[in-house]
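Worksheet: one structure, shown below.
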2 protein chains.
Amino acid sequence: MKKANEPIRLILELAKTQAIVGRRFDCGLGGLGFNEFTILYNLSIASDGKMRRIDLANKIGLTASGVTRLLLPMEKIGLIKSGESERDARARFVTIAPGGVLKLNEAIERMELLLNEIIPMDKKIKIEKISQFLSELGMLAR
Amino acid sequence: MKKANEPIRLILELAKTQAIVGRRFDCGLGGLGFNEFTILYNLSIASDGKMRRIDLANKIGLTASGVTRLLLPMEKIGLIKSGESERDARARFVTIAPGGVLKLNEAIERMELLLNEIIPMDKKIKIEKISQFLSELGMLAR
DNA sequence: GACATATACTTGACATATCAAGCATATGAA
DNA sequence: TTCATATGCTTGATATGTCAAGTATATGTC
C-alpha cells in the first residue's frame with residue numbers, strides 16, 4: 001500500500017479544512033450564505049463597483065456556469081444587479097445592489113467576530129503568508 | 001463599504017484555492033474522483049484497515065449523510081466494502097476492497113506526478129507548516 | 001469580406017453534499 | 001429497571017457546482 005507524500009497530504013488537509021470552514025460559515029452571516037458573501041465582497045472591491053461574470057468566476061475560483069447558478073437567486077432577492085456590457089455583447093456585468101451592500105456590511109462584522117473567536121492571536125501572524133501561499137497554489141493549479 | 005480584514009481574506013482564499021484544486025484533481029487520477037481518492041486513502045491508513053462511517057466523516061470533514069452519499073456508488077463498483085460493527089449495532093464499518101487498493105495506488109502515483117509539476121521546489125519547504133496550520137484551523141472551526 | 005478560432009454565457013443533465021426528520025441503538029443517571 | 005439524552009446512520013428534499021453542448025459575439029489572419 002503506497003503512502004501519500006507531503007504535497008498530497010496538504011491537498012487532503014486543504015479539502016478537509018475548507019469543507020469544515022465552508023459549512024461553518026454558511027450560516028451566521030446575517031442571512032447571507034458563504035457564497036453570497038464571497039460574491040458580494042468581491043463585487044464591493046471591484047473597479048467601478050462592477051465585474052464581468054467571467055472575471056468574477058476567475059476571482060472566486062468557480063466556473064462560469066457555477067457563477068450563473070449562484071447569481072440567479074441573488075438577483076431575484078435584490079442582492080445584485082446584472083447588466084449588459086457596452087463594448088462586448090457577449091459579456092454581462094454584475095454589480096452589488098443597495099440591499100446587498102447592507103447585508104454585506106453586516107456579514108463582514110459577524111464574520112470578523114466569528115474569526116476572532118476561532119483564530120487565536122498567536123496564529124494571526126502567519127495568516128498573510130498562508131494566504132499568499134494558497135493564492136499561489138491556486139494559480140499554479142489552474 | 002467595509003473592508004475585510006486578514007482572517008476574512010484568508011477564508012476567501014481558502015475557498016477559492018480549494019475550488020480550483022478540487023476541480024483540478026477531480027479527474028486524472030486513473031478513474032478515481034478526488035472524493036473517492038480521499039476516502040480510499042483514509043481507509044488505507046486506518047487501524048485494522050477499517051473505519052466507522054462517522055469516523056470517516058470526521059476525518060475528511062464531511063457530514064455523516066455526505067459520507068453515506070459518497071459510499072453508495074463506491075460500494076457498487078467494488079472500491080469499498082461495508083460491514084456491521086460487532087460491538088455497536090448502530091455503527092457500520094467501511095473497508096477498502098481489493099479493487100480499491102489497485103485504483104488507490106495508481107491514483108497516488110498520478111497525484112504525486114501532478115503535484116511535482118504544480119508545486120515548485122522552493123515551496124515544498126513550507127508545506128508541512130501549512131498543513132499543520134490548516135489542520136488546526138479546521139479543528140478550531142468545528 | 002470571409003473564415004477559422006476563441007471567448008462569454010446559458011442550460012440540461014447529473015453528481016455532490018447539506019439539512020432536517022426519523023429510526024434504532026447506546027449510555028448514564030435516578 | 002426506567003427513562004432521558006446522545007449517537008450512528010439513512011433518506012427526502014434541496015442547494016451547489018460541474019460538464020458538455022449550444023448560441024452569440026469577438027478577434028485575427030488571409
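So you know, we letter chains A, B, ... as the sequences are listed, proteins then strands, and number each from 1.
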Practice task
State which residue, out of A:Asn35, A:Ile80, A:Asn105, A:Val101, fulfils the side-chain contact (heavy atoms from CB on, under 4.5 Å) condition with A:Leu40.
Solution key: A:Ile80
Any side-chain heavy atom of [X] within less than 4.5 Å of one from [Y]?
X        : Y        : value
A:Ile130 : B:Ile130 : yes
B:Ile11  : A:Phe37  : no
B:Phe25  : B:Leu115 : yes
A:Glu36  : A:Ile77  : yes
B:Ile119 : A:Leu137 : yes

For atom [atom1] of [X] and atom [atom2] of [N], their distance in whole Å:
X       : N      : atom1 : atom2 : value
B:Gln18 : D:dT16 : CD    : C1'   : 14 Å
B:Leu70 : D:dT11 : CG    : P     : 14 Å
A:Asn35 : D:dG17 : CG    : C1'   : 9 Å
A:Glu84 : D:dA24 : CD    : P     : 14 Å
A:Lys16 : C:dA17 : NZ    : C1'   : 17 Å
A:Leu32 : D:dA15 : CG    : C1'   : 16 Å
A:Met74 : D:dA15 : CE    : P     : 15 Å
A:Leu71 : D:dA15 : CG    : P     : 16 Å

Problem - Donor + acceptor pair across side chains of B:Gln132, B:Glu136 (<3.5 Å) - result: yes
Completion exercise
Angle separating the five-pair end axes of the helix from C:dG1-D:dC30 to C:dA30-D:dT1, nearest 10°, is 30°
Practice task
Verify the contact: side-chain N or O of B:Thr68 to OP1 or OP2 of D:dT10, cut-off strictly under 4.0 Å; return yes or no.
Solution key: yes
Using residues 63-74 of chain B as the side-chain source, report each donor-acceptor pair under 3.5 Å to any protein atom, sequence neighbours left out, with the distance given to one decimal.
from, atom 1, to, atom 2, distance (Å)
B:Thr63, OG1, B:Ser65, OG, 3.3
B:Thr63, OG1, B:Gly66, N, 3.1
B:Thr68, OG1, B:Ala64, O, 3.1

Problem - Residues from residues 36-57 of chain A lying under 4.0 Å of DNA chain D - heavy atoms - result: none
Problem - salt bridge (charged side-chain N to carboxylate O under 4.0 Å, His left out) partners of residues 104-117 of chain A, not counting sequence neighbours, each pair once - result: A:Glu106-A:Arg110
Practice task
Applying side-chain contact (heavy atoms from CB on, under 4.5 Å), name anything that partners B:Ala46, two or more places apart in sequence or on another chain.
Solution key: B:Met51
Handout entry: Neighbour count above 12 (heavy atom, 6.0 Å) for A:Glu75 CD
Key = yes
Exercise for the section: Encode nucleotides 18-29 of chain C as B, S and - characters from 5' to 3', where the letter depends on protein heavy atoms closer than 4.0 Å: B to the base, S only to sugar-phosphate, - to neither. Expected result: BB----BBS---
